[in-house]
Undergrad: 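Let me give you the structure first, and then I'll get to my questions.
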Amino acid sequence: AQKVTQAQTEISVVEKEDVTLDCVYETRDTTYYLFWYKQPPSGELVFLIRRNSFDEQNEISGRYSWNFQKSTSSFNFTITASQVVDSAVYFCALTNTGNQFYFGTGTSLTVIP
Amino acid sequence: KAGVTQTPRYLIKTRGQQVTLSCSPISGHRSVSWYQQTPGQGLQFLFEYFSETQRNKGNFPGRFSGRQFSNSRSEMNVSTLELGDSALYLCASTLRAGRMNTEAFFGQGTRLTVV
């Protein structure tokens, strides 16, 4: 069975601080894909990044970076120099070769000006 | 290019009624999936359609159904509404099903309130 755990329910940081959102996943599949989505108050899930199980290369994109470690089944997401506009709920998700996503419960991030 | 369009954005229905929600995927995308989001259960998969065929179904009662048209637009229907059906219903559009070589794009959702 597939499962995604986001242990952090709510996080508050002061603007310009760095923040890391944790994601731990479970799957028996050898081929799978991991995602991070951002959900602002408008409701739409905004795609941030996709990683497949064969690509453990970490990535930096502007203020965002991701740390994928198969050995610990983790796919953590870091925002450096946080901004008020980063306030949202962030979801980690897992899928195998299909289009059924398994989402974590989300982490609500509040950036305080 | 236009994103995923869900209509209506907001809906209020009475218990026992039925409701139909619509999703127009991104042009060229042939796979549409539906998710229910509630504070208690989070985001849960309802079903997925590709080429007018349901390919996968989540653990929801038969009151929840869907279909996909030849232009890839999809509708989901909930009959005999219950208070617990109040939720944000999100539709996801992907280029193809089977091989996950692209991300899923989500619409803004339809917020259904059952009173």
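Note that the coordinates shown come from a computational prediction; the quantities given were computed from them, not determined experimentally. So that the names make sense, note that chain A is the first sequence line, chain B the second, and so on, each numbered from 1.
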Undergrad: Checking ring pair (Phe, Tyr, Trp, His ring centres under 6.0 Å) against Phe35(A), which of Phe101(A), Phe68(A), Phe77(A) comes through?
TA: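 Of all the options given, the one that passes is Phe101(A).
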Undergrad: Report the relative orientation of the aromatic rings in Trp34(B) and Phe47(B); use parallel for angles under 30°, tilted for 30 to 60°, perpendicular for over 60°.
TA: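 Taking Phe47(B) first and then Trp34(B), their aromatic rings stand perpendicular (interplane angle over 60°).
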Undergrad: Using a 4.5 Å heavy-atom cutoff, which residues in residues 61-71 of chain B come close to chain A?
TA: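 Counting heavy atoms that sit under 4.5 Å from chain A, no residue of residues 61-71 of chain B is involved.
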Undergrad: For the pair Gln100(A) (side chain) and Glu48(B) (backbone), establish whether a donor and an acceptor sit closer than 3.5 Å, ignoring hydrogens and angles.
TA: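 Judged by distance alone, no pair lies under 3.5 Å.
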Undergrad: Under 4.5 Å from any heavy atom of chain A, what part of Arg9(B) do you find: side chain, backbone, both or neither?
TA: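 Interface part for Arg9(B): side chain.
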Undergrad: Could you walk me through whether Tyr64(A) and Ile49(A) pass the side chain to side chain contact (heavy atoms under 4.5 Å, CB included) check?
TA: CA-CA 10 Å; Tyr64(A) 298 162; Ile49(A) 191 171; over 6 Å; no
Undergrad: Given that the side chain runs from C-beta out, which part of Tyr37(A) has a heavy atom under 4.5 Å from chain B: side chain, backbone, both or neither?
TA: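 For Tyr37(A), side-chain heavy atoms alone lie under 4.5 Å from chain B.
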Undergrad: Where does Ser42(A) contact chain B at under 4.5 Å (heavy atoms): side chain, backbone, both or neither?
TA: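 Looking at Ser42(A), backbone and side chain both touch chain B.
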Undergrad: Between Tyr35(B) and chain A, which part of the residue has a heavy atom less than 4.5 Å away: side chain, backbone, both or neither?
TA: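 When you check distances to chain A, only side chain atoms of Tyr35(B) fall under 4.5 Å.
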Undergrad: Going by an N to O cut-off under 4.0 Å, is there a salt bridge joining Asp86(A) and Arg63(A)?
TA: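 A salt bridge links Asp86(A) with Arg63(A).
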Undergrad: I'd like to know if the side chain of Gln44(B) reaches the main chain of Gly58(B), judged simply by a donor and an acceptor atom lying under 3.5 Å from each other, with no hydrogens or angles considered.
TA: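 Answer holds: no.
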Undergrad: Would you call the rings of Phe91(A) and Phe103(A) parallel, tilted or perpendicular, where under 30° means parallel and over 60° means perpendicular?
TA: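 Rings of Phe91(A) and Phe103(A): perpendicular, over 60°.
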Undergrad: Checking side chain to side chain contact (heavy atoms under 4.5 Å, CB included) against Gln6(B), which of Ser22(B), Cys91(B), Ser24(B), Ser74(B) comes through?
TA: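 For Gln6(B), the side chain to side chain contact (heavy atoms under 4.5 Å, CB included) check succeeds only for Cys91(B).
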